[in-house]
Each structure stands twice: as structure tokens, then as C-alpha cells.
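The block underneath contains the structure these notes are about, expressed in C-alpha cells.
These numbers were taken from a predicted model, which means no experiment stands behind them. Starting from 1, each residue takes its place in the sequence as its number.
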Amino acid sequence: MPRPLSRRELIRKLRRANLSGPFSGAKHHYMLYGKVKIFIPNPHTGDIGFKIIKRIMIDIGISETQWDQL
């Protein structure tokens, strides 16, 4: 199970996974994985929970082992 991350750490990991961005959206920033938009949570205090990180991992098709190696 992925551990909670700060928004900055999440963006770093997603860039290592070859996503581009973040870009400004209407309400949330997003990153691109090919033609797929992955929305990034807004920068509030606290870490991003494992449920959101797990959903992002599923969306980009990456396993927990691969995620831990990023």
C-alpha cells in the first residue's frame, strides 16, 4: 500500500513516471500521461492520502512495486 505523500513528492514521482506537467486546469492542476489527464489534488495542508495515490496508480497502469522504485 502506498504511503501518504506531500503534493510536491507526488509530482516528483509522477514526473519520474514520464508524466508531463502540472498544468493549470479549471479547478485542479493536472498532468498528462499520453492523452490521459491525471488530476492533482489542490495544495492544502497535510499529505495526500493513499486512496488518491492508489487511484492515480491505477489510472496510469503502474504497480505498487514500480511506484516504490520511482
Side-chain angles (χ1 to χ4, degrees):
M1 183 176 310
R3 66 180 178 84
L5 298 172
S6 70
R7 185 174 191 269
R8 182 173 288 185
E9 290 174 297
L10 176 64
I11 290 172
R12 279 191 200 130
K13 279 197 173 235
L14 293 175
R15 283 185 178 158
R16 286 188 214 131
N18 296 323
L19 277 80
S20 58
F23 304 104
S24 294
K27 293 185 180 183
H28 293 280
H29 287 114
Y30 64 92
M31 296 182 79
L32 292 175
Y33 185 71
K35 293 184 179 184
V36 177
K37 285 184 181 180
I38 305 297
F39 290 94
I40 306 297
N42 287 326
H44 298 289
T45 58
D47 291 339
I48 297 168
F50 72 93
K51 288 182 181 181
I52 295 173
I53 295 171
K54 185 71 173 176
R55 170 73 0 219
I56 291 171
M57 290 170 48
I58 291 168
D59 289 346
I60 63 175
I62 193 169
S63 69
E64 289 185 31
T65 306
Q66 292 169 322
W67 180 259
D68 291 337
Q69 294 174 354
L70 293 175

(message) Nearest 0.5 angstrom please: Ile48 CD1 to Ile40 CD1, how far?
(response) 7.0 Å
(request) First locate atom CD of Gln66, then atom CD of Glu64, and finally report the distance between them rounded to the nearest 0.5 Å. (result) 11.0 Å
(message) Nearest 0.5 Å, please: how far is CD in Gln69 from NZ in Lys13?
(response) 9.5 Å
(message) Would you compute the distance between atom CG of Leu32 and atom CG of Leu19 and round it to the nearest 0.5 angstrom?
(response) 7.5 Å
(request) Heavy atoms only: give me the nearest Met31-Pro22 pair and the separation to one decimal. (result) CG-CA, 3.8 Å
(message) Using the rule side chain to side chain contact (heavy atoms under 4.5 Å, CB included), only one of Arg16, Arg12, Arg15 pairs with Leu70; which is it?
(response) Arg16
(message) So, taking the atom named NZ in Lys37 and the one named CG in Asp59, what distance separates them when rounded to the nearest 0.5 Å?
(response) 14.0 Å
(request) Drop me the distance from Ser20's OG to Leu14's CG, to the nearest 0.5 angstrom. (result) 10.5 Å
(request) Using the rule that two of Ile, Leu, Val, Met, Phe, Trp, Tyr join whenever any of their side-chain heavy atoms come within less than 4.5 Å, decide whether Tyr30 and Ile62 are in one cluster. (result) no
(message) Is it the case that the side chain of Arg7 and the backbone of Pro41 share a donor-acceptor pair, with hydrogens and angles ignored and the cut-off at 3.5 Å?
(response) yes
(message) Is the ring pair His28/Phe39 parallel, tilted or perpendicular, if the boundaries are 30 and 60 degrees?
(response) perpendicular
(message) Restricting to non-hydrogen atoms, name the atom on Leu5 and the atom on Trp67 that form the minimum distance, rounded to 0.1 Å.
(response) CD1-CZ2, 3.8 Å
(request) Would you kindly confirm whether Ile56 and Phe23 end up in one hydrophobic cluster when ILVMFWY residues are joined by side chain heavy atoms under 4.5 Å apart? (result) no
